[in-house]
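Heads up, the thing below is written out as structure tokens.
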Amino acid sequence: MPQTNVKHWRRLDNAAKLFPAASSKRDTRVFRFYCELKEDIQQEILQKAVDRTLEKYPIFLSVLRKGLFWHYLEQSNKRPVVREEYKEPCSSLYIRDKRDLLFEVTYYKKRINFEVFHVLTDGTGASEFVRELVKNYLYLAHHEDGLEDVVLSEYSESLFDQEADGFERYYSRQADRKKEKKPAAHQLRGNRRELGSLQTTEAEIPVEELRHQAKTYGVSMTVFLTAVYLCAIHRTMTRRQESKPVVLMVPVNLRNFFPTNTMLNFFNWIEPGYHFQGGKEEFADVVQKVNACFKEELTAEKMEKRMNDYFALQVHPILKFAPLELKNVCINIGARTAESDVTAIFSNMGIIRMPESYETYIRYFGVYTSTPKVELCMCSFRDKIYLGFTSRYDCDAIKENFFQILKEQEVKTEILKVEYPESVMTEAKGMQIFKIFTFLCMIAIVTALGVDYSIDKTFYLSLFVCGGAFSMWLALAVGFFKRYNLLKNAMWQLIIVTVGCIIWDWLTRWHGWSIDFVLPGVSGLIMISMLIISRVYYRQAKDYLVYFVMAALYGMILPFFFLVTGKVKIVFPSVISIGMGVLMLIGLVLFKGKEMRQEIEKNLHV
């Protein structure tokens, strides 16, 4: 049976706090785990398998919302609908103001795809979900053939354990230590692919061949592949570019150092690198340098120090009370700055294990992620390692060099031919329409200025045209970019219309019409509109309470201010607006008091 004790909302873990601000179309922070079966996928059975999997992992049924100080995850009644793959891999799942689930399950021919926004979980949590999903699908499809249901792992089914924040549990306050200044790393350069076009290349390697070759250098397979990756990048560099080291970001699963059953993000990273100087690299030297870095950095002590450094920022007494929008700006700047510390990313998702009776139906598992640069992901299943290269550059040199070095090291590589359906770029079409409207507004402005100057060499009349065109463009721009949240859209329109009219009134020698009629009239109209919208589109109070309060306060405070300062000439409209605002607030307190307290708690949590 589904668990019923899911929290109404929960805070983001320490790592997840960064992703909403840092995500973009260039880097969606979405990654894909998938499983290629030996049979075609049946949609109805896959839908049942997803529902069954969510009974064990209900924490995935959450939407991302904004508070005053931090984002938070809120329980949602939305259910995922399985459909055939219909868009480009790792496309955006988090769209601001659109309260959708942060994961998606699709299929294409024999492949089951699970894509997830990094806010929800990390690679370990995603792999557990995928294993459970594939197991449920195969059981539902073949239980009549004698396939038995099995328990895949000892992973806790307790919701408390799944939602545990490992960063907070293991954080220990330490004295500030001096931060080491990192040298700027070599940055990849090339022609960006068109927006939304993510290049993917997948390959498989025999585990035994790779393990044998790694043993000849006395290192692990991960260390060996890290060295191959570094050398592959170096072979694309010029002699001038060798002035900077090549550095990889390698995520580390902190569960290996600090035991926890959390399904949330719980990872850190190390940054192995090599400073290539003087021409051709000696592969053995690179391997040993990388191995030394792994041995030095992969200790519980080093991981704890790094983890504490980042968690300390979250609990800093000044930073934690900074408004969310300011935090987002700072996080964005920090993310872009941090990109200069690394050249590329290498993520090892580990071994995917399935019961022997289920392996009969499975060809392989794969994984890759969105990236603004070049990223390599890997996982292993049975006797093969599966690699997933992703890039937004047109150049394939790094991948070709990677496979060439493996060949030189006597490790066979087979490029997988993975089929994808044609992408559907609906968002691009909407943006194209908005650009056309923007251009039409510019035509109107330029034409008005030209005609006005040609007639009397002034721009007085054309200024009205410019103001009107700009007002229309601004209203449409807000409507377009805030279209996923009608109540927020209405609030923005209220502010834009009233403030715009006050400015217009002031620029035309002030007649007072903006505060006598427009401000109270539009405020009252928006309050009524919000009541109608909430009845039609929103069923739960949590979805509209904040906007009701904002609209009520706006419709009360501004008219009251102009009223008591004597600026208002015709009093009646302002009195109506103030009265409507007061009644709306009283109604919310009387009938939705409990929900209001919950919203205040969520939006003000630090």
Side-chain angles (χ1 to χ4, degrees), residues 8-9 62-68 71-79 81 94-102 324-325 426-427 430 433-434 437 471-501 517-559 573-574 576-603:
H8 184 62
W9 70 280
S62 301
V63 296
L64 188 64
R65 298 193 62 185
K66 291 172 64 176
L68 182 61
H71 288 91
Y72 60 92
L73 286 168
E74 185 173 63
Q75 175 194 354
S76 174
N77 292 325
K78 288 179 176 288
R79 305 293 298 188
V81 177
Y94 168 54
I95 300 175
R96 289 168 178 80
D97 299 325
K98 191 174 183 181
R99 295 174 187 171
D100 277 347
L101 296 175
L102 303 175
L324 178 61
E325 294 303 328
T426 55
E427 190 70 19
I433 294 172
F434 176 71
F437 178 78
S471 300
M472 289 176 59
W473 177 86
L474 187 59
L476 183 70
V478 171
F480 177 73
F481 289 107
K482 299 295 180 184
R483 65 191 182 280
Y484 297 117
N485 189 330
L486 294 178
L487 294 176
K488 180 179 284 189
N489 194 334
M491 195 65 216
W492 273 105
Q493 298 291 354
L494 169 61
I495 296 171
I496 289 171
V497 171
T498 54
V499 173
C501 286
F517 301 106
V518 176
L519 174 59
V522 175
S523 296
L525 182 63
I526 290 297
M527 282 187 267
I528 294 172
S529 300
M530 284 187 172
L531 287 170
I532 296 172
I533 291 171
S534 66
R535 294 289 295 178
V536 175
Y537 293 100
Y538 302 97
R539 296 182 179 180
Q540 295 181 307
K542 64 184 180 181
D543 294 326
Y544 58 76
L545 279 177
V546 172
Y547 302 106
F548 275 22
V549 172
M550 291 171 63
L553 291 175
Y554 192 93
M556 288 170 49
I557 294 173
L558 280 184
S574 294
I576 293 178
S577 177
I578 295 170
M580 290 178 64
V582 171
L583 290 175
M584 179 172 278
L585 288 179
I586 291 174
L588 292 175
V589 172
L590 289 176
F591 301 107
K592 299 293 180 182
K594 180 180 178 181
E595 290 89 342
M596 283 187 68
R597 289 192 296 271
Q598 291 175 344
E599 286 301 302
I600 290 172
E601 179 188 2
K602 289 185 293 186
N603 281 275

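For the single chain, residues carry numbers from 1 onward in sequence order. Treat the numbers as computed from the prediction; the structure is a model and nothing was measured.
- Considering only residues two or more places apart in sequence or on other chains, Asp100 meets the side-chain hydrogen bond (donor to acceptor under 3.5 Å, both in side chains) condition with none of them.
- Shown here for Ala551 and Met530, the closest heavy-atom pair between the two residues is CB-SD, 3.6 Å.
- Taking both residues in full, the closest heavy atoms of Met584 and Phe548 are given as SD-O, 3.5 Å, listed atom of the first, atom of the second, then distance.
- How far CE of Met556 is from CE of Met527: 9.0 Å, rounded to the nearest 0.5 Å.
- Atom CD of Glu601 is separated from atom CG of Asn603 by 10.5 Å, given to the nearest 0.5 angstrom.
- Under the side-chain contact (heavy atoms from CB on, under 4.5 Å) criterion, Ser76 pairs with Val63, Lys78, Leu101, sequence neighbours left out.
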Side chain to side chain contact (heavy atoms under 4.5 Å, CB included) between Ile528 and Met580, intermediate numbers included: CA-CA 9 Å; Ile528 294 172; Met580 290 178 64; 3.7 Å; yes
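- Counting only heavy atoms from C-beta outward, the side chains of Gln540 and Asn77 approach each other to under 4.5 Å.
- Residues meeting the salt bridge (charged side-chain N to carboxylate O under 4.0 Å, His left out) test with Arg99, sequence neighbours left out: Asp543.
- A 4.5 Å side-chain heavy-atom check between Leu519 and Pro559 finds at least one atom pair inside the cut-off.
- The side-chain heavy atoms of Leu494 and Leu525, taken from C-beta on, include no pair separated by under 4.5 Å.
- To the nearest 0.5 Å, atom CD of residue Glu74 and atom OG of residue Ser62 are 9.0 Å apart.
- Taking both residues in full, the closest heavy atoms of Tyr544 and Ser534 are given as CD2-CB, 3.8 Å, listed atom of the first, atom of the second, then distance.
- Val518 pairs by the side-chain contact (heavy atoms from CB on, under 4.5 Å) definition with Val497, Cys501, Trp513, Val522, not counting sequence neighbours.
- In this structure, Ala552 and Gly581 approach most closely via the heavy-atom pair CB-O, 3.7 Å.
- Looking at residues two or more places apart in sequence or on another chain, you find no side-chain hydrogen bond (donor to acceptor under 3.5 Å, both in side chains) involving Lys592.
- Using a 4.5 Å heavy-atom cutoff, the side chains of Lys488 and Met491 are not in contact.
- Between Gln493 and Gly479, the shortest heavy-atom contact is NE2-N, 3.7 Å.
- Side chains of Leu68 and Leu324 form no contact here, defined as non-hydrogen atoms less than 4.5 Å apart.
- Shown here are the side-chain contact (heavy atoms from CB on, under 4.5 Å) partners of Ile586, two or more places apart in sequence or in another chain: Val582, Leu590.
- Note that CG of Leu486 is 6.0 Å distant from OH of Tyr537, once rounded to the nearest 0.5 Å.
- For the atom pair CD1 (Ile526) and CE (Met550), the distance works out to 12.0 Å, reported to the nearest 0.5 Å.
- Considering all non-hydrogen atoms of both residues, Pro573 and Phe517 come closest at CG-CD2, 4.3 Å.
- Within the structure, the side-chain hydrogen bond (donor to acceptor under 3.5 Å, both in side chains) test picks out the following pairs touching residues 545-557 (sequence neighbours left out): Asn485-Tyr547, Thr498-Tyr554.
- Atom-to-atom distance recorded for Leu583:CG and Ile578:CD1 is 12.0 Å, nearest 0.5 angstrom.
- Partners of Phe437 by side-chain contact (heavy atoms from CB on, under 4.5 Å), not counting sequence neighbours, listed by chain and number: Cys441, Met472, Trp473, Leu476.
- Glu325 has its side chain within reach of Lys66: a pair of non-hydrogen atoms, C-beta onward, lies under 4.5 Å apart.
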